[in-house]
Amino acid sequence: QVSVVESGGGLVQPGGSLRLSCEASGTIFSIYAMGWYRQVPGKQREMVATAANGVPAKYTDSVKGRFTISRDNAKNTVYLQMDSLKPEDTAVYYCKADISTTRSGVLYDYWGLGTQVTVSL
């Protein structure tokens, strides 16, 4: 059994910063990728940033230069440093981890429950 838990959301003023954390735990053989997605009511969930083994991090265009994703593989944790936040960054942020629980290497997606980020005066 695997769990993915996000933390670090909250209310911040425009121009401010937040750091999100996400830890995967449980029966984990290996993690191929971890990433952050966000969703606002009435819209589809969108990819914000992903970090996969052996490839450069990917960002959606609207956050390039402002957000930075990083991983601590020893802790099965991914972070999202969000700077210069804008009201349009307001959303529920979800963490996803692509995890293999056995030596087979078959990957499954595991999602967290999300953390609210609100950017407002």
Side-chain angles (χ1 to χ4, degrees):
Q1 188 172 355
V2 174
S3 67
V4 175
V5 179
E6 305 99 337
S7 62
L11 172 65
V12 63
Q13 293 185 351
S17 297
L18 278 177
R19 188 190 194 210
L20 304 183
S21 300
C22 168
E23 180 181 7
S25 61
T27 307
I28 298 172
F29 181 75
S30 65
I31 299 178
Y32 170 70
M34 299 185 79
W36 292 95
Y37 297 73
R38 65 187 180 188
Q39 189 170 22
V40 298
K43 293 189 176 181
Q44 286 189 333
R45 191 172 297 185
E46 68 166 347
M47 185 277 289
V48 176
T50 60
N53 296 344
V55 298
K58 297 181 180 179
Y59 297 90
T60 191
D61 286 346
S62 64
V63 308
K64 287 180 180 177
R66 301 188 297 121
F67 291 10
T68 303
I69 189 171
S70 60
R71 286 173 61 181
D72 184 336
N73 293 330
K75 297 181 179 179
N76 292 336
T77 298
V78 64
Y79 305 97
L80 186 67
Q81 178 66 40
M82 304 186 294
D83 299 318
S84 303
L85 282 160
K86 303 176 181 180
E88 50 263 44
D89 294 317
T90 296
V92 177
Y93 283 71
Y94 296 90
C95 175
K96 182 173 78 76
D98 300 340
I99 294 173
S100 174
T101 59
T102 69
R103 290 181 179 274
S104 70
V106 175
L107 294 171
Y108 296 93
D109 292 346
Y110 293 89
W111 289 88
L113 296 179
T115 184
Q116 176 71 45
V117 172
T118 302
V119 185
S120 179
L121 291 171

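What's counted below: heavy atoms across the whole structure, side chains too, no hydrogens, waters or symmetry copies.
Scanning all heavy atoms of the two residues, the minimum distance from E6 to Y93 falls at OE2-O, 4.0 Å.
By the 4.5 Å heavy-atom criterion applied to side chains, C22 and W36 are counted as neighbours. At least one side-chain heavy atom of C95 sits under 4.5 Å from a side-chain heavy atom of V78. Annotation: side chain of Y79 is not in contact with side chain of I69 (no heavy-atom distance under 4.5 Å). S25 has its side chain out of reach of N76: every pair of non-hydrogen atoms, C-beta onward, lies at least 4.5 Å apart.
Donor-acceptor pairing under 3.5 Å is recorded for the side chains of S17 and D83.
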N/O donor-acceptor pairs under 3.5 Å from side chains in residues 108-121, not counting sequence neighbours:
| from | atom 1 | to | atom 2 | distance (Å) |
| --- | --- | --- | --- | --- |
| T115 | OG1 | G9 | N | 3.2 |
| Q116 | NE2 | A91 | O | 3.4 |
| Q116 | NE2 | T118 | OG1 | 3.3 |

Anything under 3.5 Å between a donor and an acceptor, one on a side chain of residues 50-58, the other on a protein residue two or more places apart or in another chain? List them.
| from | atom 1 | to | atom 2 | distance (Å) |
| --- | --- | --- | --- | --- |
| N53 | OD1 | R71 | NH1 | 3.0 |
| N53 | OD1 | R71 | NH2 | 3.3 |
| N53 | ND2 | I31 | O | 3.0 |

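The existence of a salt bridge linking K64 and D61 is confirmed by a sub-4.0 Å separation between a basic side-chain nitrogen and an acidic carboxylate oxygen.
Residue S7 holds its OG atom at 8.0 Å from CG of L20, rounded to the nearest 0.5 Å. Interatomic distance, R103 CZ to F29 CZ, rounded to the nearest 0.5 Å: 4.5 Å. Interatomic distance, CZ of R19 versus CE of M82, reported as 11.5 Å (0.5 Å rounding). How far OH of Y37 is from CE of M47: 6.5 Å, rounded to the nearest 0.5 Å. Here L18 contributes atom CG and L80 contributes atom CG; the two are 9.5 Å apart, rounded to the nearest 0.5 Å. Between atom CE of residue M34 and atom CD of residue E23 there is a gap of 8.5 Å, rounded to the nearest 0.5 Å.
The hydrophobic clustering, which links ILVMFWY residues whose side-chain heavy atoms are closer than 4.5 Å, places L85 and Y59 together. Taken together through direct or relayed side-chain contacts under 4.5 Å among Ile, Leu, Val, Met, Phe, Trp and Tyr, V12 and V48 form part of one hydrophobic cluster.
A 6.0 Å sphere centred on CD of E88 holds more than 12 heavy atoms belonging to other residues, nucleotides or ligands.
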(message) K96 vs D98, test: side-chain contact (heavy atoms from CB on, under 4.5 Å). Steps then yes/no.
(response) CA-CA 7 Å; K96 182 173 78 76; D98 300 340; 2.7 Å; yes
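Because its NZ or CZ atom is not both nearer than 6.0 Å to the ring centre of Y94 and within 45° of the ring axis, R38 does not count as a cation-pi partner of that residue.
Residues passing the side-chain hydrogen bond (donor to acceptor under 3.5 Å, both in side chains) test with T101: none are found, sequence neighbours excluded.
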